[in-house]
Amino acid sequence: MPEGHTVHRLARTLRELLGGERLRVTSPQGRFADGAALLDGRRLVAVEAWGKQLFCAFAPDDAPRGRAARAPGSSDVSSRAGRGAVPGRDDSPGPPDPAGADMLWLRTHLGLYGAWTFTGAPGVADVAHAIGAPRKRIGERETVVRAPAGSSDAEVHVTADDLGSDELGSGARRPGEGWEPPAPRGQVRARLLGRHMVADLTGPAACEVITPAEKHAVTARLGPDPIREGERGHDAERFVARAGRSRVTIGQLLMDQAVIAGVGNIYRAEALFRAGVDPLRPGREVPPSSARALWDDLVVLMRDGARTGAIVTTRPEDRTGPQPPGRLRTRQNTDGTPDAVPADQAFYVYHRDGLPCRACGSPVLLKELAGRNLFWCATCQR
DNA sequence: AATATATGCAAAG
DNA sequence: TTTGCCTATATTT
């Protein structure tokens, strides 16, 4: 269920935790055995997200060595703030050419159910960490650390569980020394194993090894990605022009990865509400100023999502709904930041059908459109 | 134990 | 427009 923000977050995590390393690549489940054999022993030199697509570049081990290539606008593997340094890391300069003829790319797409699970050696990454489905992350538990009375905000602390005290939390050993990765859990399609970290991929819609040319063909079909805005220039104008000449509804255009990459069902519904745009209005009948506002808002919302790991679109003054009885539930993947918001106050319309609109009080509507649930307020969105 | 659900997408009809 | 697929988890029987 990840939207683009999740995939960018994954890219950063893979870059930081495995970038620059020679990896063992396997397919414990077996369904990716051939592809894994192609990548096994190669070096992870770049990790890139575009919309919901995740690309990992694997260079031959004899290729020029260096840190993972810097994707424009993203941090490279040297940004390891808050994590322990890894001994023996190769520091030689000169990233390999990601388009080089001997490069192989791993293309993955999480689809509805996919997830990456990360497990690290003590002192390298002290928590098991998964992104994507399932909602409850494997080996992780969230606890509310602070929930001030009268405040809708709470701090959430993410702790590892289920992995045993020998593996996690003991700072006694040197980082990664003597570390063995845990046995694969569930249907692990692909496993990327570094010296101190393992990344397991389950349930992807796509997991394949492709050439640079094939990778280029995939990205050429994708529209501009709000999280990557600024790399190419004119992304906003591209989106506005493309949407503005279409007879397809703006609600469908926002879900079309060739029109705008990375938007999913939640960002679609929420951005349309925030812009006051009727999802059923044809793109060519949406004023360009509204289309531009949609794009600009998605840049902010999705970058926030990539930073915090959670989709929260409500403004603080609109999070005044009644607290549900029982224990506080917060949006997952919050990284323990104060940005945590009760799950039922994170959205304006998504999954709020039948409930009163936060702005006008009229009931939020639900309609199935192109196989997906569309939520909107017919009063606020024109 | 069976069923419902999910932030997706492409192929088939 | 409908179907099929990939998987783990919460809910219901």
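Without hydrogens or angle criteria, A:Arg268 side chain to A:Met255 main chain gives no donor-acceptor distance under 3.5 Å. Side chain of A:Arg242 to backbone of A:Val259: no donor-acceptor contact under 3.5 angstrom is found. Here the side chain of A:Arg43 pairs no donor or acceptor atom with the backbone of A:Pro60 at under 3.5 angstrom. Between the side chain of A:Glu270 and the main chain of A:Val349, a donor-acceptor pair closer than 3.5 Å is present.
Ion pairing between a basic and an acidic side chain is recognised when a charged N comes within 4.0 Å of a carboxylate O; A:Arg382 and A:Asp278 show no such pairing.
Using a 4.0 Å heavy-atom criterion, one finds that A:Arg268 contacts no nucleic acid atom at all. Nucleic acid contact class of A:Gly371 (heavy atoms, under 4.0 Å, all strands): none. Backbone-only contact: A:Tyr350 has heavy atoms under 4.0 Å from sugar-phosphate atoms and none from a base.
Atom CD in A:Glu270 sits roughly 13 Å away from atom P in B:dT7 (whole-Å rounding). When the C1' atom of B:dA10 is taken as reference, atom CD of A:Gln53 falls 12 Å away, rounded to whole Å. Taking atom CG of residue A:Leu54 and atom P of nucleotide B:dC9, one finds them 14 Å apart after rounding to whole Å. Across the protein-nucleic acid pair, A:Leu112 atom CG and B:dC9 atom P stand 9 Å apart, rounded to whole Å. The interatomic distance linking A:Asn373 (CG) with B:dT5 (C1') rounds to 11 Å, in whole Å. A:Trp50 has its CH2 atom 15 Å from the P atom of B:dC9, to the nearest Å.
For the OP1/OP2 pair of B:dT7 and a distance below 4.0 Å, the side-chain nitrogens and oxygens of A:Lys52 include no atom meeting the criterion. Phosphate contact (OP1/OP2 of C:dT7, side-chain N/O of A:Arg31, threshold under 4.0 Å): present. Considering only side-chain N and O atoms, A:His109 lies under 4.0 angstrom from the phosphate OP1 or OP2 of B:dC9. Taking side-chain N and O atoms only, A:His351 has a distance below 4.0 Å to OP1 or OP2 of B:dT7. For C:dT7, one of the phosphate oxygens OP1 or OP2 lies less than 4.0 angstrom from a side-chain nitrogen or oxygen of A:Arg189. Contact check, A:Gln29 against C:dT7: a side-chain N or O comes under 4.0 Å of OP1 or OP2.
Nearest nucleotide to the A:Gln187 side chain, out of C:dC6, C:dA8, B:dA6: C:dA8. Of the candidate nucleotides B:dC9, C:dT7, B:dT7, B:dC9 has the atom nearest to the side chain of A:Gln257.
Taking atom P on both nucleotides, B:dA4 is separated from C:dT3 by 16 Å, rounded to a whole Å. Using atom P as the reference point in both C:dA8 and B:dA10, the two lie 23 Å apart (nearest Å). C:dT9 sits 22 Å from B:dC9 when the C1' atoms are compared, rounded to a whole Å.
Applying the Watson-Crick and G-U wobble criteria (two distances, each under 3.5 Å), B:dT5 pairs with C:dA8.
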